[in-house]
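Quick note on labels: first sequence line is chain A, next is B, and so on, each numbered from 1.
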Amino acid sequence: MAKRYWLVKSEPDVYSIDRLEAEGSTSWEGVRNYQARNFMQEMKKGDRVLFYHSNAEPPGVAGIAEVVREAYPDHHAADPKSKYHDPGHSEEKPRWFMVDVGFVERFPEVLPLPLLKGEPALEGMELLRKGSRLSVQPVAKEHFDHVVKLGRGKRR
DNA sequence: GCCAACGTTGGC
DNA sequence: GCCAACGTTGGC
């Protein structure tokens with residue numbers, strides 16, 4: 001199977017690209033949306049991931065990560081003390097999954113959402129759809145490549 | 001802080 | 001199966 005491309009959202013107050021860079025890799029727990037979960041289960045080791053900062057100033061793509069471990073049960077869902085707890089999830093019958101992602105690259109500056117919206121080449125991208133809240137989403141290779149080109153950009 | 005868009009829940 | 005109520009996401 002050909003390599004695929006993705007985008008994940010994170011609030012930098014919760015987990016930022018800087019922290020991923022410092023830690024090298026992290027588990028992507030807490031996804032509690034079925035569509036997002038299904039996409040996570042399609043992720044393959046080595047797939048590239050745009051790292052998006054939501055609820056940030058400015059919101060935008062902060063860099064690149066990669067899948068380093070494919071989907072496995074999210075044990076936080078089985079922990080009653082966790083804010084990610086779900087009584088419908090158990091170790092025998094897991095409902096929620098997570099992947100591990102590794103740091104690849106941080107853009108010199110966050111590539112702001114308004115700039116992306118002004119790019120005709122990115123037309124049709126899920127991120128730019130009005131009302132889109134999907135926190136894990138596939139990205140077309142052409143869109144991925146274009147975002148990376150912009151992100152590396154002429155800045156700095 | 002506001003609120004539009006969306007997903008989930010539960011009564012019927 | 002419908003849909004109102006509610007909770008969450010996330011831009012602005």
Side-chain angles (χ1 to χ4, degrees), chain A residues 4-23 26-43 47-67 71-101 103-140 142-144 146-153 155:
Chain A
R4 295 186 65 183
Y5 299 87
W6 309 93
L7 179 146
V8 298
K9 296 178 183 173
S10 180
E11 300 191 21
D13 291 347
V14 178
Y15 200 97
S16 67
I17 188 99
D18 289 344
R19 190 154 156 217
L20 183 64
E21 181 171 23
E23 295 179 359
T26 187
S27 56
W28 208 255
E29 73 268 14
V31 171
R32 295 294 177 268
N33 169 284
Y34 289 103
Q35 214 184 339
R37 177 202 68 182
N38 294 345
F39 284 134
M40 266 203 313
Q41 288 180 303
E42 294 177 20
M43 287 181 170
D47 282 359
R48 297 271 144 155
V49 181
L50 295 174
F51 196 103
Y52 181 84
H53 281 177
S54 60
N55 263 320
E57 189 48 56
V61 179
I64 307 171
E66 69 175 333
V67 177
Y72 58 104
D74 182 347
H75 61 268
H76 296 85
D79 177 4
K81 292 192 294 293
S82 169
K83 66 170 174 172
Y84 297 129
H85 179 241
D86 177 0
H89 171 105
S90 68
E91 280 179 36
E92 304 77 50
K93 282 194 78 176
R95 172 182 289 176
W96 301 114
F97 292 81
M98 54 188 181
V99 297
D100 289 356
V101 298
F103 176 81
V104 173
E105 175 179 334
R106 187 168 64 79
F107 293 158
E109 293 171 25
V110 170
L111 194 54
L113 180 63
L115 187 150
L116 299 176
K117 285 180 173 168
E119 286 290 318
L122 298 179
E123 201 180 315
M125 199 177 171
E126 167 66 21
L127 179 73
L128 306 181
R129 224 191 69 236
K130 190 185 176 194
S132 170
R133 302 191 327 190
L134 199 52
S135 63
V136 177
Q137 54 184 259
V139 175
E142 311 81 66
H143 290 165
F144 183 93
H146 192 73
V147 169
V148 170
K149 193 174 73 183
L150 292 173
R152 289 174 178 160
R155 303 158 228 266

[X] [atom1] to [N] [atom2]: how many Å, rounded?
{"X": "A:Tyr34", "N": "B:dG7", "atom1": "OH", "atom2": "C1'", "result": "11 Å"}
{"X": "A:Asp86", "N": "C:dG7", "atom1": "CG", "atom2": "C1'", "result": "15 Å"}
{"X": "A:Gln35", "N": "B:dG7", "atom1": "CD", "atom2": "P", "result": "7 Å"}
{"X": "A:His53", "N": "C:dT9", "atom1": "NE2", "atom2": "C1'", "result": "17 Å"}
{"X": "A:Leu113", "N": "C:dC12", "atom1": "CG", "atom2": "C1'", "result": "11 Å"}
{"X": "A:Leu134", "N": "C:dT9", "atom1": "CG", "atom2": "P", "result": "13 Å"}
{"X": "A:Asn38", "N": "B:dG7", "atom1": "CG", "atom2": "P", "result": "13 Å"}
{"X": "A:Lys9", "N": "B:dA5", "atom1": "NZ", "atom2": "P", "result": "15 Å"}

Contact summary for A:Met43 and A:Val99, nearest pair of heavy atoms
SD-CG2, 3.9 Å

Work out which heavy atom in A:Ala78 is nearest to a heavy atom in A:His85; give both atom names and the distance.
C-CD2, 3.9 Å

If you compare every side-chain N and O of [X] against the phosphate oxygens of [N] (OP1, OP2), does one of them come in below 4.0 Å?
{"X": "A:Arg133", "N": "B:dA4", "value": "no"}
{"X": "A:Lys83", "N": "C:dT8", "value": "no"}
{"X": "A:Tyr52", "N": "C:dT9", "value": "no"}

Would you say the rings of A:Trp96 and A:Tyr34 are close, in the sense that their centroids are separated by under 6.0 Å?
yes

Return the nearest nucleotide to the side chain of A:Lys130; candidates are C:dT9, C:dG11, B:dA4.
B:dA4

Option among A:Phe97, A:Phe51, A:Trp6 that satisfies the ring pair (Phe, Tyr, Trp, His ring centres under 6.0 Å) test with A:Trp28:
A:Phe51

Which is true for A:Arg32 with a 4.0 Å heavy-atom rule: it touches a base, it touches only sugar-phosphate, or it touches nothing?
nothing

For A:Asp100 and A:Tyr72, test the side chains for any donor-to-acceptor distance below 3.5 angstrom and give the result as yes or no.
yes

The answer to which of A:Gly131 and A:Asn55 contacts DNA chain B further toward the 5' end, by nearest nucleotide, is A:Asn55

